[in-house]
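A quick write-up on the structure given underneath.
Chain A is the first sequence line, chain B the second, and so forth, proteins listed ahead of strands; every chain is numbered from 1.
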Number of protein chains: 2
Amino acid sequence: MRAYNFAAGPSTLPLEVLEEAQKELLDFQGTGMSVTEISHRNKKFMAVVEEAEASLRSLMNIPDDYAVLFVQGGASQQFAAVPLNLMHHGKADYIVTGNFAKKAYEEGVIYGGDGAKCVASSADKNYTYIPDVDKIAFNADADYVHLTSNNTIFGTRFVRFPETGNVPLVADMSSDILSREVDVSRFGVIYAGAQKNVAPAGVTIVIAKRSLIRDPLKICPTMLKWKTQDKEGAHSLYNTPPCFSIYIANLVLRRLIRLGGIKEMEKVNEYKAGLLYDFIDNSSLFRNYVEKKYRSIMNVPFVTGSEELDAKFVKEATAAGLVSLKGHRLVGGMRASIYNAMPVEGVKALIEFMKKFETENK
Amino acid sequence: MRAYNFAAGPSTLPLEVLEEAQKELLDFQGTGMSVTEISHRNKKFMAVVEEAEASLRSLMNIPDDYAVLFVQGGASQQFAAVPLNLMHHGKADYIVTGNFAKKAYEEGVIYGGDGAKCVASSADKNYTYIPDVDKIAFNADADYVHLTSNNTIFGTRFVRFPETGNVPLVADMSSDILSREVDVSRFGVIYAGAQKNVAPAGVTIVIAKRSLIRDPLKICPTMLKWKTQDKEGAHSLYNTPPCFSIYIANLVLRRLIRLGGIKEMEKVNEYKAGLLYDFIDNSSLFRNYVEKKYRSIMNVPFVTGSEELDAKFVKEATAAGLVSLKGHRLVGGMRASIYNAMPVEGVKALIEFMKKFETENK
């Protein structure tokens, strides 16, 4: 029986995508080879990369003067790539709204020292809110402003993005890319590890305004230079890319287009999250501590107030086929990650289970 | 029909491994989830990483004081990681025996400038041989000596490795790791993109003596620091690893143990390569230009002497189910990559086809 999988990442993939991949795992498009066995320069594989890029451009309405890259190393590697590509004057502003935002900032400090500044943080309340973006004093001479659009561990998200004038805005969108409409033209760079909303782990998406990426720092490794992957004819194929992850990403993106695009996904995601938050807010047992305005529609943390009861919940939920609900160690309790691929039925099944658990544990 | 796939990388995988992966792609070990959907911190996935590491240690007889890591970015990324982890005095010696060896050297120059030296090269004869390692004047104060054990494009390999005294020897073994017995203790660091002999593209193996990797350069990105992935309890799980590629690597390694280990693989590889070289050497049509002593047992380039005939060969071979035989653009002609996963039958089928082609094109 297929589980409802609420893992934060790697996370659930659309069943139809997995079924298609399974069907052709030994014979990709009549080649007599697996997609994992063909050269990345094989025309059939290059067509996969090109379609994936075109789909992403279409879904996110990415302007033509932006590069769209599929790279390796996860968002954690981009934490270094950002300063190594953009920090020409050793200055950058970071908004620290969670664990990964903090790691991105710390990596900025490696290259900028004191020039990398934490200009706003929600650490004072264990990251349960997002600082008011209108009240942040940004540095006009910063090389960029960095933020994390959705905080996987703490279940918060930016609902508005700051105005940073001429300073490029850089966003780690690992946990909410393709979940809601975003005006890409407002960002200098967007990056996202794909293992939450797009594909199996191993591929990272980078969307970068080309005018910003022409002149990486001299110490930047060739593979971390975004322009390396954006060269004429390179198309993310400078070296062997993570082919299987890109192949699955392509199937996922194709499905999103079929389902009506991001606008439609956002509606469904708002609906799914709404069902769950409504239930929690009216529950006598479960609580969510995030400031309502900033609640993530991708990651929903909740607690019972008792560690024992939390553990019991996770255990019984697992037995009922609702898996990977244990919260992150920094927060405790439970967390339901309800990415694009989580069907409405999964959220409803979770709520039914929570109701039952609440009744049984009064 | 399954093709005999002679691609240089990504390349053919053992059919039995693909079949096992296909069978459980929707339900990994009864979890009700795909292996691509479970958390990398799930015990069942951590067991996969641990088994893969243990298998590699056992197969290659890796000493305990060496770290074994599964990272991302391919060998190309390691070209930077090598100096960023080891180049403490800005000095390194490179042996340049092909395209990738040259790229590794050029990346060394980014960090070492003139201190990164090409101490030997076979560029004078288009990389058709390996310089005599006993005649190379190494620098006693170099931070490391770098070489490429097997040259995928040119079809050469080191048959002996240089004595470098106290200077650590670093080897890119992307295209011959696990194909022949190697004394790991003679190397400071071995790295290999896995997409040739081990797994689908997306995972890179690093084997590094722990005493050498404690103090990376300050400018080294956290994700490129080998010690990041070797921390207590990290076990290549500092961030989300390329799970699917590691999962397949584990199945491939398990199979190698079942088949009798590297010693046995080396015998088969020598046998396969011997059949092909013998045929070529006795052919009136096909030739291999590599100095015999240094011929690779993994990548066998050959030509007819006529570009037209080469093209005809590749086309007709493809139609006969012998695919990806086109040579690299730097060499032309044909290339048969015959990694561990290429069955003896595949090599015999190629030879039969070559015989027929020779007769038909006299």
Side-chain angles (χ1 to χ4, degrees), chain A residues 1-3 5 7-13 15 18-19 21-22 25-27 31-34 36-40 42 71-77 79-81 84 103 106-107 110-111 193 195 199-203 218-219 221-224 238-245 248 321 323-324, chain B residues 1-3 5 7-13 15 18-19 21-22 25-27 31-34 36-40 42 71-77 79-81 84 103 106-107 110-111 193 195 199-203 218-219 221-224 238-245 248 321 323-324:
Chain A
M1 195 192 84
R2 185 154 166 89
N5 170 15
S11 40
T12 197
L13 286 163
L15 181 58
L18 286 172
E19 284 172 343
Q22 183 179 44
L25 190 66
L26 263 68
D27 187 5
T31 55
M33 295 176 277
S34 174
T36 66
E37 299 179 298
I38 63 174
S39 168
H40 53 297
N42 181 307
V71 300
Q72 294 187 59
S76 295
Q77 188 157 305
F79 296 166
L84 284 167
K103 286 193 171 195
E106 288 164 353
E107 199 82 7
I110 293 178
Y111 302 99
Q195 71 274 10
V203 64
K218 205 185 156 292
I219 56 166
T222 302
M223 281 293 292
L224 268 65
Y238 171 76
N239 75 338
T240 315
C243 301
F244 186 75
S245 294
I248 298 284
V323 308
S324 302
Chain B
M1 195 194 84
R2 184 154 168 89
N5 171 13
S11 40
T12 197
L13 286 163
L15 181 59
L18 286 173
E19 284 171 344
Q22 181 178 45
L25 190 65
L26 264 68
D27 186 6
T31 55
M33 295 177 279
S34 174
T36 66
E37 299 180 298
I38 63 174
S39 169
H40 53 297
N42 181 307
V71 300
Q72 294 188 58
S76 295
Q77 188 157 305
F79 296 166
L84 285 166
K103 286 193 173 193
E106 288 164 353
E107 199 82 6
I110 294 179
Y111 302 99
Q195 70 274 12
V203 64
K218 205 186 156 290
I219 56 165
T222 301
M223 281 291 292
L224 268 65
Y238 171 76
N239 75 337
T240 315
C243 301
F244 186 75
S245 294
I248 298 285
V323 308
S324 302

message = Need one label for A:Thr31: side chain, backbone, both or neither, based on atoms under 4.5 Å from any heavy atom in chain B.
response = backbone

request  = Check whether A:Glu106 gets within reach of chain B through its side chain, its backbone, both or neither, counting any heavy atom under 4.5 Å.
outcome  = neither

key: Part of A:Ile38 lying under 4.5 Å from any heavy atom of chain B   = backbone

inquiry  = Using heavy-atom distances under 4.5 Å, tell me whether A:Ala199 contacts chain B through its side chain, its backbone, both, or neither.
reply    = neither

Under 4.5 Å from a heavy atom of chain B, the part of A:Leu224 involved = side chain

task = Could you pull out the closest heavy-atom pair between B:Ser245 and B:Ala201, with the gap in Å?
result = OG-O, 3.0 Å

ask   = Of all residues at least two apart in sequence or in a different chain, which pass the side-chain hydrogen bond (donor to acceptor under 3.5 Å, both in side chains) check with A:Thr222?
value = B:Glu107

query = What do the steps show when you test B:Thr12 against B:Arg2 for side chain to side chain contact (heavy atoms under 4.5 Å, CB included), and what is the final call?
reply = CA-CA 11 Å; B:Thr12 197; B:Arg2 184 154 168 89; 3.4 Å; yes

inquiry  = Can you tell me how far apart CG (A:Leu25) and CG (B:Leu25) are? Round to the nearest 0.5 Å.
reply    = 6.0 Å

task = Decide yes or no for B:Thr240 and A:Pro10: does some side-chain heavy atom of the first lie under 4.5 Å from some side-chain heavy atom of the second?
result = yes

task = For each of A:Val323, A:Leu84, A:Asn239, tally heavy-atom pairs with chain B at distances under 4.5 Å, and name the one with the top tally.
result = A:Asn239

message = Contact between A:Leu26 and B:Leu15 at the side-chain level, heavy atoms closer than 4.5 Å - yes or no?
response = yes

inquiry  = Using a 4.5 angstrom heavy-atom cutoff, name the option from B:Glu19, B:Met223, B:Gln72, B:Glu37 with the most pairs to chain A.
reply    = B:Glu37

task = Might you point out which heavy atoms bring B:Tyr111 and A:Ile219 nearest each other, and give the distance in Å?
result = OH-O, 2.8 Å

message = Given heavy-atom pairs under 4.5 angstrom as the criterion, report whether the side chain, backbone, both or neither of B:Ile248 touches chain A.
response = neither

task = Measure A:Gln77 against the heavy atoms of chain B and call it side chain, backbone, both or neither at under 4.5 Å.
result = both

side-chain contact (heavy atoms from CB on, under 4.5 Å) partners for A:Ser39, two or more places apart = A:Arg41, A:Asn42

query = Checking B:Ala21 against chain A: side chain, backbone, both or neither under 4.5 Å from a heavy atom?
reply = both

B:Val71 versus chain A, the contacting section by heavy-atom distance below 4.5 Å = neither

key: Residue among A:Gly202, A:Ser11, A:Ala7 with most heavy-atom pairs under 4.5 Å to chain B   = A:Ser11

key: Between A:Pro200, A:Gly9, A:Pro242, A:Pro221, the one whose heavy-atom pairs under 4.5 Å with chain B are most numerous   = A:Pro221

ask   = Which bit of B:Gln195 comes within less than 4.5 Å of chain A, counting heavy atoms only: side chain, backbone, both or neither?
value = side chain

note = Given B:Ala80, B:Ala3, B:Gly321, B:Gly73, the one with more heavy-atom pairs under 4.5 angstrom with chain A than any other is B:Gly73

